[in-house]
Amino acid sequence: MKSRRLLLGLSLVLQAAMGVAKDDGLARTPPMGWVGLSFLVEFKHSTLTTLVPSWNFFACDITQDTILKAAQALVDTGLKDLGYEYVIMDDCWHAPARSSRRPHPPVADPIRFPDGIKALADKIHALGLKIGIYSSAGTKTCAGQFGSLGYEEIDAKTYAEWGIDYLKYDNCYNEGQAGYDLVSYNRYAKMSRALSDTGRPILYSLCNWGEDHTWNWAPTIAHTWRMSGDIMDSYDAYDDRCPCESMIDCKLPGFHCSMTRILEYAAPLVQKAGAGQWNDLDMLEVGNGGMTTDEYKTHFAMWAVIKSPLILGNDLTKMDEVTKAIITNKWLIKINQDRVALPVNRVRKSIIKNPHGEVTGNVQVWSGPLKDGAVVAIVNTTPEKYMMRYQLVDVYPQAKKTTSNRYSVLDAWALTNPSLGIVEGNWGRSLGESFDVTTLIPLEIPAHGVSVHLWQVGDPDRASSQHVLHGAEL
Ligand code: GLA
């Protein structure tokens, strides 16, 4: 009880330092779910993606059937029980135009959504899930459907009547209402107020790609905010359509941003995240085919420890064993949903050179607090495995104050039973049960891989019994 009070005190102090969070309980920890968009597009049009300016133009094929099948798959695969609860329709649920009757409420496409969104929401709720919808703070959405600029009240009201639980609110066709923080803030705050006025709890997922320093003003009006251009299913492919080196003063967030590019963008921005206010690193590409297993493990792990929303973007009805094993890693979900609700920080980034003096990548150390300890994540972006040793006291500054603690340490990506291989539930091997902050931990991180260690303080018996908890059971 005492530690809970201390925890509450700590998080209030931190929130005071970060600004007033929209901590209405809707996103105390990062939201988890699935979004209906990416696999439909990248797979169907994979041969076209190099020929067109944006894949978004081809995204208009979601149907009530696709959404319902994904919802059912969340239940059948057990993903729902792990905490993946939002089923989000992205762009293109729209009819060709709004209703012609004042005040012109939004209308869903009658062919692809013949039963309407309310009926779809009812079915998704009956499965014990929540439903998300998409619009843009512009005259049109990114795929050219009708937007919500000037229609905020009627749109929010209609979404609430339909039973919507989550709104992703994009930035296309904003008619030049951007370029200054206050201009963007006002445009997005209008929808925030409209959503609040409905009285229905609707998670507000702001998506202006980090334009106009979103992280400085979004925490007071939204629960999550995108902080970069759109992700592409690639570990590190170079692409000038994602031109900025850093998001801090980026004038063109773009799209086709590789996973490691987004990781780099996120590093200085994690300080803005906490309960009810999360940097959104964009949806997960795990299972879409563009990265290796170790690269997808890095992708999933880093999104989890940075406390990004975990929004799956793969086809849940056709997942292979490895994809499912990665997205169900219960230790990483547990970290993502930890009650302390703070992201890891990058505390070290070492450039690595080969024997010829050429830079081959870097090794990054990220660390942060957990309810009963700490997490350390070490990323190796080089094409070779990397061997190292670390002490908690060196990589997690707060550990200095806890020198007398004994910890159990668990490697979240080690196979519990190597003979089983990469299958669901086979992650998480204990490295030892009575380490202290100066114990040297040896590591071998695969090429383009990551190691994640959970340091749990206290009685090892208690710590290991907590280890069997699922994220959703925290
Ligand atoms: C923008 C968003 C994407 C996606 C598309 C849909 O590009 O950033 O996440 O929603 O629009 O058209």
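Note that ligands are numbered from 1 as they come in the structure, with each ligand's atoms numbered from 1 the same way. Heavy atoms only: backbone and side chains are in, while hydrogens, waters and symmetry mates are out.
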Q: Which residues pass the salt bridge (Lys or Arg N to Asp or Glu O under 4.0 Å) test with D76, not counting sequence neighbours?
A: none
Q: Under 4.0 Å, counting heavy atoms only: does D170 come that close to any atom of ligand 1?
A: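 Judged by the 4.0 Å heavy-atom criterion, D170 does count as contacting ligand 1.
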Q: Is it the case that ligand 1 has an N or O less than 3.5 angstrom from some N or O of D282?
A: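 No; every N/O pair is 3.5 Å or more apart.
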Q: Which ligand 1 atoms are under 4.0 Å away from a heavy-atom of K168?
A: 3 (C), 4 (C), 9 (O), 10 (O)
Q: Once the angle between the rings of H448 and Y235 is folded into 0 to 90°, is it parallel (under 30°), tilted (30 to 60°) or perpendicular (over 60°)?
A: parallel
Q: For atom 4 (C) of ligand 1, state which one of I311, D90, I231, V35 supplies the nearest heavy atom.
A: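 Looking at heavy atoms only, D90 sits closest to atom 4 (C) of ligand 1.
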Q: What part of R226, side chain, backbone, both or neither, has a heavy atom within less than 4.0 angstrom of ligand 1?
A: side chain
Q: Rounded to the nearest 0.5 Å, how far apart are CD1 of I335 and CG of L370?
A: 6.0 Å
Q: By number and element, which atoms of ligand 1 are closer than 4.0 Å to a non-hydrogen atom of C207?
A: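 Answer for ligand 1: 8 (O).
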Q: One thing to verify: whether K69 and D65 come together as a salt bridge, which I'm taking to mean a side-chain N less than 4.0 angstrom from a carboxylate O.
A: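 A salt bridge is present here (some side-chain N lies under 4.0 Å from a carboxylate O).
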Q: W209: which residues meet the ring pair (Phe, Tyr, Trp, His ring centres under 6.0 Å) condition with it, sequence neighbours left out?
A: none
Q: Do the ring planes of W162 and W93 sit parallel (below 30°), tilted (30 to 60°) or perpendicular (above 60°)?
A: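 It falls in the perpendicular class, over 60°.
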Q: Taking heavy atoms and a distance under 4.0 Å, where does Y134 meet ligand 1: side chain, backbone, both or neither?
A: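 Under 4.0 Å from ligand 1, Y134 contributes side-chain atoms alone.
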Q: Please classify the C92 to ligand 1 contact at 4.0 Å (heavy-atom distances, strictly less than): side chain, backbone, both or neither.
A: neither
